[in-house]
Amino acid sequence: MTHEDALSELVGAECPVEWAFNSLVHIDSGTAASVFEHPADPQLVVRVSDYPDGWFKFADDTLRMEQEDGIPQPFRPVVHWIGEVGGVLVAVTERLDRIDDGSVLSDVVESALKALHGIADEWAAVERHAPGFRDFCAGLDRKLDLRASNFMRRGETLVFNDPYSDIPFGLEPILRDFYRVSPGSAAQPTAPSP
């Protein structure tokens, strides 16, 4: 079963959020989105939101960077597909792991949060474990959602999975139009297929 086949019912659903809760295994929900196991690949998750979730702006930035540079972005999630289905934003992305309390990475996250709040001395502790993370953060928008739960891990690599709380008002309709998927089609030509 391809990813496209696995999510064709979601794309055709009258209410993709309701379909996801009824048909997929729910992993977790945050303030703006819910995350589900991908039905065909345990290494992937499906993110669904009927809110202008900032994660989708970050995911769009990530896809564009990878298409332009062809260079993987280690501190960003790997995004496979984004779609807008009947007003609901949907994405397929890699499955990341939570950072365990008391682990080396939880200490790195604590230092990163302090550094991002202006305590510059904390960058040294971050860079020891995640070289290049400071430069990566310097390239992000200024308004960051600085909560420990927005950081995850890929093995022992720190991933800032969800740095933005929402999509800026003027950008939201542009993103929605670009990623709009019609029921009965897997994806529009500009968006990779699920």
Side-chain angles (χ1 to χ4, degrees), residues 27-28 30-33 35 38 43-47 49 51-83 89-176 178-179 190-192:
I27 296 171
D28 199 7
T31 54
V35 178
H38 189 283
Q43 302 301 311
L44 300 175
V45 295
V46 178
R47 185 178 185 104
S49 179
Y51 176 82
D53 178 12
W55 183 91
F56 286 89
K57 178 205 179 305
F58 188 57
D60 174 67
D61 292 346
T62 301
L63 283 176
R64 290 175 190 278
M65 291 172 79
E66 288 177 1
Q67 288 172 354
E68 290 171 12
D69 303 339
I71 300 169
Q73 305 292 319
F75 304 121
R76 291 174 175 265
V78 175
V79 180
H80 295 276
W81 179 79
I82 300 172
L89 293 165
V90 179
V92 175
T93 186
E94 73 177 310
R95 186 171 188 156
L96 297 167
D97 294 310
R98 288 189 177 97
I99 296 173
D100 297 326
D101 291 337
S103 68
V104 170
L105 273 180
S106 71
D107 294 341
V108 173
V109 169
E110 186 176 321
S111 291
L113 290 171
K114 289 177 184 175
L116 289 163
H117 277 107
I119 304 172
D121 293 347
E122 293 291 330
W123 282 119
V126 174
E127 289 292 314
R128 272 193 299 279
H129 187 81
F133 195 76
R134 182 178 189 173
D135 288 340
F136 159 73
C137 288
L140 297 174
D141 292 348
R142 293 284 177 220
K143 185 181 170 189
L144 297 175
D145 188 2
L146 297 176
R147 291 180 286 157
S149 60
N150 288 335
F151 293 84
M152 298 189 79
R153 67 180 180 84
R154 176 189 311 109
E156 291 305 311
T157 300
L158 180 63
V159 177
F160 200 167
N161 184 57
D162 195 4
Y164 307 137
S165 60
D166 56 19
I167 301 171
F169 180 74
L171 180 59
E172 182 185 354
I174 295 167
L175 283 178
R176 287 184 180 279
F178 184 76
Y179 289 108
T190 55

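Within the model, atoms OG1 of Thr157 and CG of Leu105 stand 8.0 Å from one another, a figure rounded to the nearest 0.5 Å. How far OG of Ser103 is from CZ of Arg98: 13.5 Å, rounded to the nearest 0.5 Å. One distance of note links CG of Leu63 with CD1 of Ile82; it measures 4.5 Å at 0.5 Å rounding. The CG atom of Leu140 sits 12.0 Å away from the CG atom of Asp145 when rounded to the nearest 0.5 Å.
Between the side chain of Asn150 and the backbone N or O of Asp162, at least one donor-acceptor pair lies under 3.5 Å.
Using a 4.5 Å heavy-atom cutoff, the side chains of Gln73 and Asp61 are not in contact. At least one side-chain heavy atom of Phe151 sits under 4.5 Å from a side-chain heavy atom of Leu113. Here the side chains of Arg76 and Glu66 are not in contact, with every heavy-atom distance at 4.5 Å or above. Contact check for Trp55 versus Ser49: no side-chain heavy atoms found under the 4.5 Å cut-off. Looking only at side-chain heavy atoms (C-beta outward), Tyr179 and Asp60 come within less than 4.5 Å of each other. Considering only heavy atoms from C-beta on, Leu175 comes within 4.5 Å of Lys57 through its side chain. The side-chain heavy atoms of Arg154 and Val78, taken from C-beta on, include a pair separated by under 4.5 Å.
For the pair Pro77 and Leu96, the tightest heavy-atom approach, listed with the atom from each and the gap, is CB-CD1, 4.1 Å. Considering every non-hydrogen atom in both Leu158 and Val109, the closest pair reads CD1-CG2, 3.6 Å. Annotation for Ser106 and Asp101: closest pair OG-C, 3.9 Å, computed over non-hydrogen atoms. Taking all atoms of both residues into account, the shortest heavy-atom contact from Gly70 to Pro72 is O-CD, 3.8 Å. The minimum heavy-atom distance between Leu116 and Cys137, with the atom names listed, is CD2-CB, 3.9 Å. Scanning all heavy atoms of the two residues, the minimum distance from Tyr51 to Asp166 falls at OH-CB, 4.0 Å.
For the ring-ring contact (aromatic ring centres under 6.0 Å, His included) condition, no pair includes a residue of residues 96-123, sequence neighbours left out.
A side-chain contact (heavy atoms from CB on, under 4.5 Å) with Val45 holds for exactly one of Glu94, His38, Arg95; it is Arg95.
Taking the six-membered ring where tryptophan is involved, the planes of Phe136 and Phe75 are tilted, since the angle between them lies from 30° to 60°.
A cation-pi arrangement is not found for Arg47 relative to Phe58, the charged atom failing to lie both closer than 6.0 Å to the ring centre and inside a 45° cone about the ring normal.
Applying the side-chain hydrogen bond (donor to acceptor under 3.5 Å, both in side chains) test to Glu127 and every residue at least two apart in sequence or in another chain returns nothing. Residues satisfying the side-chain hydrogen bond (donor to acceptor under 3.5 Å, both in side chains) test with Thr93, not counting sequence neighbours, are none.
With respect to Arg176 and Glu172, a salt bridge is recorded, a charged nitrogen being found less than 4.0 Å from a carboxylate O.
Crowding of Asp69 atom CG: a count of heavy atoms from other residues, nucleotides or ligands under 6.0 Å exceeding 12.
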Take Leu146 and Phe160, measure what side-chain contact (heavy atoms from CB on, under 4.5 Å) needs, and give me the verdict at the end. CA-CA 10 Å; Leu146 297 176; Phe160 200 167; 4.1 Å; yes
Please test Arg153 against Val108 for side-chain contact (heavy atoms from CB on, under 4.5 Å), starting from the C-alpha separation and ending with a verdict. CA-CA 11 Å; Arg153 67 180 180 84; Val108 173; over 6 Å; no
